[in-house]
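Computed over heavy atoms, backbone and side chain alike; hydrogens, waters and symmetry mates excluded. None of these values were measured; they are calculated from a predicted model.
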Amino acid sequence: MFDSEFERSLFDLRKSKLEEIEKLGQAAYPNQFPASHSVPAVRARWGQSQAEDLEASRVTVAVAGRIMAIRAQGKAGFATLQQNGERLQIYVRLDAVGEQGFALYKLLDLGDHIGASGYLFRTRTGELTIHVERLTFLSKAMLALPEKFHGLADVELRYRQRYVDLFTNLDSRKVFVKRAGVLKALRRFFDERGYLEVETPMMQQIPGGAAARPFKTHHNALDMDLFLRIAPELYLKRLVVGGLDRVYEINRNFRNEGVSTQHNPEFTMLEFYQAYANYYDLMQITEEMIEFVARQVNGTTVTHFNGHEIDLGKWTRLTMREAIIKYWPPELASTGKPNSIRFTVRGELQELLEPSIVTLKDVCDELNNQILAACGEDETLRISARQDQLSKMSNMMAAVLEDSIAAAPIGKSVYNLFEAVVEPFLIQPTIIYDYPVEVSPLSKAKPGDPAHVERFEFFAGGFELGNAFSELNDPVEQEKRFRQQLAERDRGDDEAHQMDEDYVRALAYGLPPTGGEGLGVDRLVMLLTGSKSIRDVILFPLMRPEKQ
RNA sequence: GAGCUCGUAGCUCAGUAGGUAGAGCAACGCCCUUUUAAGGCGUGGGUCCUGGGUUCGAGCCCCAGCGAGCUCACCA
């Protein structure tokens with residue numbers, strides 16, 4: 001528990017202070033305090049009141065809070081109480097609280113919880129303050145608080161000791177309050193539209209509904225291996241088969257993958273399904289939903305993220321093919337353009353990629369020279385930023401080409417090319433639709449175009465926010481898709497989908513035409529709070545254990 | 001998994017050139033009855049992330065490890 005001798009001796013010192021407090025007739029750990037108002041309530045009610053009005057009406061309040069600042073001045077003193085993320089000053093003077101009360105005041109430390117009863121007034125500097133008439137001790141901080149001006153700044157400590165972060169960094173607290181607002185707004189959005197909130201298994205025997213590696217666990221009594229779910233999708237569609245036409249679930253998914261600013265192994269996913277809707281309907285709902293949530297929690301659709309101003313009320317829709325053509329780097333104009341090839345023929349894609357990769361490398365070298373010759377920091381930054389983008393793109397393209405030569409399905413290559421060329425540039429809200437069938441084992445094919453499915457993903461801030469499609473409801477086709485995924489699994493893709501025969505059986509009972517969608521809630525919260533890292537919107541992100 | 005950066009008092013951070021560790025806050029004692037990053041005087045507090053190495057001498061240089069951040073890889 002103790003990090004140092006300093007902490008141990010402080011703890012001992014505080015214990016003896018607690019004993020002193022008990023000698024004053026106060027309980028060391030009392031079990032309640034009858035507050036008349038919360039701190040935010042006092043501020044809301046009297047925050048604007050004039051000094052004379054307070055004096056005339058003599059408003060008496062009793063509030064509780066944690067001491068975040070304390071300034072003693074001989075026979076009087078101040079303290080700042082914090083509760084529910086807001087602060088209120090108290091003024092304690094010997095002649096108002098008496099010998100015992102003032103003795104208690106002198107035994108208080110930063111971080112202690114106290115109750116203060118008295119009347120409101122304004123100090124000389126105009127600050128709303130409680131003139132305390134009775135102090136009640138509530139609980140002691142036995143450890144030292146972080147530095148009061150900077151708060152807890154160490155990122156690692158903020159994640160590991162979130163309990164300290166939350167009361168010392170109020171901005172951090174605001175993020176999580178807003179996160180709760182996002183969840184509330186999402187529920188309201190779907191509740192108002194007649195969706196039923198459901199809960200489906202977190203522990204599954206066949207982890208399906210996504211392409212990801214699962215966590216494994218074990219049930220002792222049944223001696224059965226289980227996997228933490230990577231998605232609720234297949235269960236939710238079973239419910240639609242069962243006649244729950246509109247369902248949604250907000251819960252955790254678990255994916256056994258690396259961590260990054262956009263990935264935490266457990267993350268919160270919203271999925272919803274609507275019978276008789278297709279992916280065009282879902283596009284409409286998506287735009288309405290994001291706009292609704294933004295307005296509910298921020299009062300506006302405009303948000304600021306990573307240096308960009310993003311308007312979550314203004315959407316662009318592009319097919320994947322259109323997007324690749326639109327975002328194809330102009331630096332490659334002379335070596336070939338994607339609008340001249342069919343996206344369904346492996347050879348044509350390879351012929352486009354080969355010279356493009358070479359050219360990109362040349363361009364990067366040329367940009368390197370320009371960086372050396374550049375005058376001015378701005379120019380250097382601009383050129384090197386572009387160079388970073390292109391060099392990353394070139395590496396990803398090379399991987400796509402290599403995979404394609406190794407017999408990767410064409411649709412998979414197109415999808416990976418999309419991720420290389422387009423995804424990082426989707427800062428403003430964008431819907432990308434019409435995905436290759438090979439990367440969409442659960443989506444319904446486009447009528448008359450068996451290579452593509454009725455699926456879209458939506459992006460903002462440069463990352464994927466969610467994924468939606470017209471659900472494949474033909475059990476024969478679904479079984480075939482699963483078999484294709486098994487082939488990919490054999491080819492070495494351990495994230496390819498597994499066979500789920502019970503799901504196929506469910507489809508055989510008849511799934512109505514249905515649209516379904518998943519939304520990364522953490523990422524939406526990131527956008528709405530301007531948080532660059534997913535860890536800043538997850539209360540307790542996964543961390544390696546500290547060594548002893 | 002790779003690269004870069006970081007790790008010094010409870011917290012926020014300095015630390016010159018390799019010469020044996022500092023400030024502010026917090027703590028402790030004293031003074032102060034409208035302060036607010038209160039103030040004044042004084043005191044205590046360190047496994048410089050860990051383990052090796054180089055050196056007469058290492059917080060600083062080298063190697064390995066641990067943890068973190070960022071970037072990349074991985075990641076419907």
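For the pair A:R162 and A:F540, the NZ or CZ position fails the cation-pi test of under 6.0 Å to the six-membered ring centre and within 45 degrees of the ring normal. Geometric assessment of A:R252 against the ring of A:F267 yields a negative cation-pi assignment under the 6.0 Å and 45° thresholds.
A donor-acceptor contact closer than 3.5 angstrom links the side chains of A:D536 and A:Y159. A:E233 and A:Y235 share no side-chain donor-acceptor pair at under 3.5 Å.
No contact: A:A399 has no heavy atom under 4.0 Å from any strand. At a threshold of 4.0 angstrom between heavy atoms, the contacts of A:E517 with the nucleic acid are absent. Here A:G209 lies in heavy-atom contact (under 4.0 Å) with a base. As judged by a 4.0 angstrom heavy-atom cut-off over every strand, A:Y159 is placed among residues touching the sugar-phosphate backbone only. When heavy atoms are screened at a 4.0 angstrom cut-off, A:R87 is found touching no nucleic acid atom at all. Within 4.0 Å of A:D154, counting heavy atoms only, lie sugar-phosphate atoms of the nucleic acid but no base atom. Residue A:L13 is in sugar-phosphate contact alone, with no base atom involved, counting any heavy-atom pair closer than 4.0 Å across all strands shown. If you check every strand for non-hydrogen atoms under 4.0 Å, A:T80 touches nothing. Contacts of A:R8 with the nucleic acid, taken as non-hydrogen atoms under 4.0 Å apart, are absent. A:R535 comes within contact range of the sugar-phosphate backbone alone, with a heavy-atom separation under 4.0 Å but no base atom that close. Backbone-only contact: A:E257 has heavy atoms under 4.0 Å from sugar-phosphate atoms and none from a base. At a threshold of 4.0 angstrom between heavy atoms, the contacts of A:K412 with the nucleic acid are absent. As judged by a 4.0 angstrom heavy-atom cut-off over every strand, A:M269 is placed among the base-contacting residues. Among the protein residues, A:A210 comes within range of the nucleic acid bases, having at least one heavy atom under 4.0 Å from a base atom.
To the nearest whole angstrom, the two P atoms, one in B:G53 and one in B:C28, are 43 Å apart. Comparing the C1' positions of B:C56 and B:U20 gives a spacing of 13 Å, expressed to the nearest Å. Taking atom P in both B:C49 and B:A9, the straight-line distance is 8 Å, to the nearest Å. Taking atom P on both B:U33 and B:G24, the two are 25 Å apart, rounded to the nearest angstrom.
The ring of A:F482 has its center closer than 6.0 angstrom to the ring center of A:H497.
When the nearest nucleotides of RNA chain B are assigned to A:G466 and A:A76 by heavy-atom distance, the more 5′-ward of the two goes with A:A76. Positionally, the nearest nucleotide of RNA chain B for A:E127 lies more toward the 5' end than for the other of A:S260 and A:E127.
Between the CG atom of A:L157 and the C1' atom of B:C49 there is a distance of 13 Å, given to the nearest Å. Atom CZ in A:F149 sits about 21 Å away from atom P in B:A23, given to the nearest Å. If you take CG of A:D165 and P of B:C11, they are 14 Å apart, rounded to a whole angstrom.
Among B:U12, B:A37, B:A26, the nucleotide with an atom closest to any side-chain atom of A:L152 is B:U12. Comparing B:C72, B:G67, B:U71 by their nearest atom to the side chain of A:K392 picks out B:C72. Of the candidates B:C11, B:G67, B:U35, B:U35 carries the atom nearest the A:Q89 side chain, counting heavy atoms from C-beta on.
For B:U33, there is no paired base (Watson-Crick or G-U wobble, both distances below 3.5 Å). Remark: B:A2 base-pairs with B:U71; criterion is Watson-Crick or G-U wobble with both hydrogen-bond distances under 3.5 Å. Pairing of B:A17, defined by two Watson-Crick or G-U wobble distances under 3.5 Å, is not identified with any nucleotide. When Watson-Crick and G-U wobble pairs are counted only if both distances are under 3.5 Å, B:C25 pairs with B:G10. For B:C61, the paired nucleotide is B:G53, the pair qualifying as Watson-Crick or G-U wobble because both relevant distances are below 3.5 Å.
Taking only distance into account, the side chain of A:R93 meets the base of B:U33 through a donor-acceptor pair shorter than 3.5 Å.
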Test ring-ring contact (aromatic ring centres under 6.0 Å, His included) on A:Y415 and A:Y435; report intermediate values, then the result.
CA-CA 8 Å; A:Y415 179 71; A:Y435 275 55; 5.8 Å; yes
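Taken from CG in A:L120 to CG in A:L128, the straight-line distance is 5.0 Å, to the nearest 0.5 Å.
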